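Okay, so here's the structure we're looking at.
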Amino acid sequence: MFPETDAISNIVSDTVTVLFKRRLVDRVLRLWTEMARGGRFPRRDQIEPRMLGEDWANCLVIAVRSPVRLSYLVAVGENLAFAHCPNDSLAGVLLSHLPQVLSERRCLMIEGRATLRGTDVLYRSALFPLSEDGVAIGHVLGAANHRLLRENEQLITPLIRTKWL
């Protein structure tokens, strides 16, 4: 009377798989999670640009220093390379959330609206802790992308929503 496999569950599973592969943040999170086996943060050398493929253009690596304001970008993908103006770039947005990641010791997704280089955009980004010994956070991997606001969308005030991953 009932099929051996549930067609609805297969459809849901396939849909989730497609959506999971569609978003930059989800693809980078999947890689980070694979490297973070055993509850330890991945090492910086475990996450290489070639592993991220085309996504590397939307990624960066932050060297963590104490105090946090001395932290700096050590690698920046070409789509985030507007580092000379950190207050007007997605790299700057990611840097501004670094203290939260360090204090919570977790991955953080940041979504919002902003003005970048004079253009209104919606963005999605995430920060992923990295550690040489699996415990102390020495670097943070960031991933970010954006799209221009559509003509009917208004950037009334900057909106930022964070979510712990």
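Just so it is clear, the model here is predicted, and its values are computed rather than measured.
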In Å and rounded to the nearest 0.5 Å, what is the [atom1] to [atom2] distance from [X] to [Y]?
{"X": "Tyr123", "Y": "Asn58", "atom1": "OH", "atom2": "CG", "result": "15.0 Å"}
{"X": "Leu141", "Y": "Leu31", "atom1": "CG", "atom2": "CG", "result": "8.0 Å"}
{"X": "Ile137", "Y": "Phe128", "atom1": "CD1", "atom2": "CZ", "result": "13.0 Å"}
{"X": "Gln100", "Y": "Leu102", "atom1": "CD", "atom2": "CG", "result": "10.0 Å"}

Any side-chain heavy atom of [X] sitting closer than 4.5 Å to one from [Y]?
{"X": "Leu108", "Y": "Trp164", "answer": "yes"}
{"X": "Trp32", "Y": "Phe41", "answer": "yes"}
{"X": "Asp26", "Y": "Arg30", "answer": "no"}
{"X": "Asp55", "Y": "Asn145", "answer": "no"}

(request) Looking only at non-hydrogen atoms, find the nearest pair between Leu94 and Ala126 and report the distance. (result)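 Smallest interatomic distance, heavy atoms only, reads CD2-O, 3.8 Å.
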(message) Please give me the minimum heavy-atom distance between Pro129 and Val140, naming the atom from each residue.
(response) CA-CG2, 4.3 Å
(message) Tell me whether Ser131 contacts the main-chain N or O of Ala136 through its side chain, where contact means a donor paired with an acceptor under 3.5 Å.
(response)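 Side chain of Ser131 to backbone of Ala136: a pair is present.
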(message) If the test is side-chain contact (heavy atoms from CB on, under 4.5 Å), which one of Glu48, Arg44, Arg43 qualifies with Gln46?
(response)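 Only one of Glu48, Arg44, Arg43 forms a side-chain contact (heavy atoms from CB on, under 4.5 Å) with Gln46, namely Arg43.
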(request) Establish whether Val135 and Leu127 are linked, either directly or via other cluster members, by ILVMFWY side-chain heavy-atom contacts under 4.5 Å. (result)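 No.
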(message) I'd like to know whether Leu24 forms a side-chain contact (heavy atoms from CB on, under 4.5 Å) with Arg124, so could you lay out the CA-CA distance, the side-chain angles of the two residues, the decisive distance to 0.1 Å, and finally the verdict.
(response) CA-CA 9 Å; Leu24 166 73; Arg124 176 175 287 120; over 6 Å; no
Expected list for residues 63-73: side-chain donor-acceptor pairs under 3.5 angstrom, two or more places apart:
residue	atom	partner	partner atom	Å
Arg65	NH2	Tyr72	OH	3.2
Ser71	OG	Arg65	N	3.0
Ser71	OG	Val68	O	3.0

